[in-house]
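What follows is a short report on a single structure.
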Amino acid sequence: DLSDGQTNNSANLPPDTYSVVENTPVGWDLTSTVCSDGSAANAISLQAGETVTCVFTNQKDAFIIVDKVTDPTGDPTLFDFTTSYGLPFSLTDATAPNNSSDLVPGTYSVAEAAEPGWDPTSATCDDGSPVGAISLQAGETVTCTFDNTKQGKITIVKDAQPNDCQNFSFAMTRQNNFSLDDDAGVVACQDSNEPVSQTFSNIAPQSYTVTETLPNAFWQFGGVTCVNTVGGTPYPMSNVTNGMTVNLIPGADVTCTFVNNKLGPTRTQGFWQTHTSFTSGIFATYFGGGMPIGSAPHKGVITNVQLPG
């Protein structure tokens, strides 16, 4: 056996043809065998008085390891990878890292395909190489780690008590304003039919504040509650004026319900809402048509009416 730099002397040999064979150990590649007289190592033509030196050059195996890390930990999503050195492969957070098998020294690349619902957080190699230009040396094992953060979801639900045609306007951090109503079962709403909920999917995990604007003095803010959409357990939130703030963690799916309570009608309002046949006649005669302020659950508030004559 020889280690790097060691030599073996055959001692005196008669002229003849000889051979030398190396048993290459595991983890090494035999890259070249050169004899000083030009002979092949397995057919050395030794002449009288000749000294032939044969040099065996070996290169230690090199590897690239690719690891997948997700936040939250243990997510089963498969992430797809392509490389410049082998076939495509897929990894989850829990999957064993991918091993390139033995590679010759050189420059290699690894790329991860974009995955819907995830943000790429980082991609680093432990030798300092960028993942797009991994400088692999003989005997080196480079581990490249791809980190991804799962996006979240927030659903805002309107709960009007009682159900009513009234629209409620909302503002949300880093999102467009939107409107909701809770008019299930309400007849002949005169305004636009807004949805009862609004979902914001695939949003970055960070803090979000959602507030609503009270439409008029007849509605009070009744509070807001947030829960995990799956399971219904409470989700942490902090109250702000007419709304709340939630810190959306990676992968969270949160539903927040805004409650509003409608104030009871005054005596004058109650008259107009209960005397439906009378009010319908008044509006038909003097205003050219009916007005949906009569029987509940119609909406409409009249506080002062001056009749002709």
Side-chain angles (χ1 to χ4, degrees), residues 65-81 89-98 110-126 130-131 143-160 168-182 194-214 221-260:
I65 308 296
V66 178
D67 192 20
K68 174 81 257 164
V69 175
T70 63
D71 187 4
T73 302
D75 191 277
T77 301
L78 271 173
F79 293 82
D80 297 325
F81 293 84
F89 58 90
S90 298
L91 295 174
T92 69
D93 185 40
T95 305
N98 178 269
V110 182
E112 179 186 65
E115 183 66 30
W118 290 83
D119 292 323
T121 308
S122 65
T124 58
C125 297
D126 60 4
V131 294
T143 298
C144 296
T145 303
F146 288 76
D147 288 86
N148 292 75
T149 301
K150 194 171 188 178
Q151 297 167 345
K153 179 192 294 186
I154 296 177
T155 298
I156 305 300
V157 178
K158 168 49 55 190
D159 179 12
F168 293 82
S169 299
F170 289 82
M172 180 173 174
T173 310
R174 292 176 293 277
Q175 304 294 329
N176 293 329
N177 293 347
F178 59 98
S179 295
L180 301 176
D181 66 27
D182 183 17
E194 301 293 347
V196 71
S197 66
Q198 176 80 35
T199 297
F200 299 88
S201 301
N202 297 334
I203 56 178
Q206 54 189 305
S207 177
Y208 292 91
T209 297
V210 183
T211 57
E212 71 172 0
T213 301
L214 295 178
F221 180 67
V224 56
T225 58
C226 294
V227 299
N228 289 287
T229 303
V230 178
T233 55
Y235 190 89
M237 51 152 278
S238 57
N239 292 306
V240 299
T241 302
N242 292 343
M244 57 76 193
T245 296
V246 293
N247 183 25
L248 192 67
I249 64 174
D253 182 354
V254 181
T255 296
C256 297
T257 301
F258 282 68
V259 176
N260 292 86

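Numbers here simply count residues along the sequence, with the first being 1.
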Notebook entry, point to check: Any donor and acceptor pair, going by atom type alone, linking the side chain of T229 with main-chain N or O of D253 inside 3.5 Å?
Noted result: yes
Check: Among N177, N242, L180, which residue meets the side chain to side chain contact (heavy atoms under 4.5 Å, CB included) test with F170?
Finding: L180
Margin query: Any heavy-atom pair between the side chains of C256 and V246 that's under 4.5 Å?
Written below: yes
Notebook entry, point to check: Which word best sums up how the rings of W118 and F79 line up, parallel for under 30°, tilted for 30 to 60°, or perpendicular for over 60°?
Noted result: perpendicular
Check: Cut-off 3.5 Å, side chains only: do D147 and T121 have a donor facing an acceptor?
Finding: no
Notebook entry, point to check: Taking atom types as modelled and ignoring hydrogens, do the side chains of N228 and T233 form a donor-acceptor contact shorter than 3.5 angstrom?
Noted result: yes
Next item on the list: Verify side-chain contact (heavy atoms from CB on, under 4.5 Å) between D93 and V69, making sure each step is shown before the conclusion.
Entry: CA-CA 5 Å; D93 185 40; V69 175; 4.3 Å; yes
Check: Knowing that exactly one of T225, V224, V227, T155 qualifies, which makes a side chain to side chain contact (heavy atoms under 4.5 Å, CB included) with T257?
Finding: T225
Margin query: Please find the pair of heavy atoms, one from A204 and one from L248, that lie closest to each other, and give the distance.
Written below: O-CD2, 4.1 Å
Check: Heavy-atom distance under 4.5 Å between the side chains of I154 and Q175, does that happen here?
Finding: no
Check: For the residue pair S179 and P195, what are the closest heavy atoms and their distance?
Finding: O-CD, 3.9 Å
Check: When rounded to the nearest 0.5 angstrom, what is the spacing between CG in D67 and CZ in F146?
Finding: 10.5 Å
Note to self: For a 4.5 angstrom cut-off between non-hydrogen side-chain atoms, does E194 reach F168?
What the structure shows: no
Item checked: Close side-chain approach of V254 to M237, heavy-atom, < 4.5 Å -> no
Notebook entry, point to check: Do E112 and N148 touch side chain to side chain, with heavy atoms closer than 4.5 Å?
Noted result: yes
Item checked: N98 side chain vs V66 backbone, donor-acceptor pair below 3.5 Å -> no
Item checked: Flag side-chain contact, heavy atom, 4.5 Å: T173 against S207 -> no
Note to self: Minimum heavy-atom separation for V240 and T209, please, with both atom names.
What the structure shows: CG2-CG2, 4.1 Å
Notebook entry, point to check: Q206 and Y208: which non-hydrogen atoms are nearest, and at how many Å?
Noted result: O-CD1, 3.2 Å
Check: Roughly how far apart are F258 CZ and N260 CG, rounded to 0.5 Å?
Finding: 9.0 Å
Notebook entry, point to check: Is any side-chain heavy atom of K68 closer than 4.5 Å to a side-chain heavy atom of T92?
Noted result: no
Item checked: Distance-minimising heavy-atom pair for A160 and D182 -> N-OD2, 2.9 Å
Check: So do D119 and P205 actually touch side chain to side chain, heavy atoms under 4.5 Å?
Finding: yes
Item checked: Basic-acidic side-chain contact under 4.0 Å: E212, K158 -> yes
Check: Which atom names give the shortest non-hydrogen contact between I65 and P97, and what distance separates them?
Finding: CG2-CB, 3.6 Å
Margin query: Working to the nearest 0.5 angstrom, can you tell me the gap between E115 CD and T77 OG1?
Written below: 6.0 Å
Notebook entry, point to check: Does the side chain of S90 come under 3.5 Å of the side chain of D80 through a donor N or O and an acceptor N or O?
Noted result: yes
Next item on the list: Please check if the side chain of Y235 supplies one atom and the backbone of N247 the other of a donor-acceptor pair under 3.5 Å.
Entry: yes
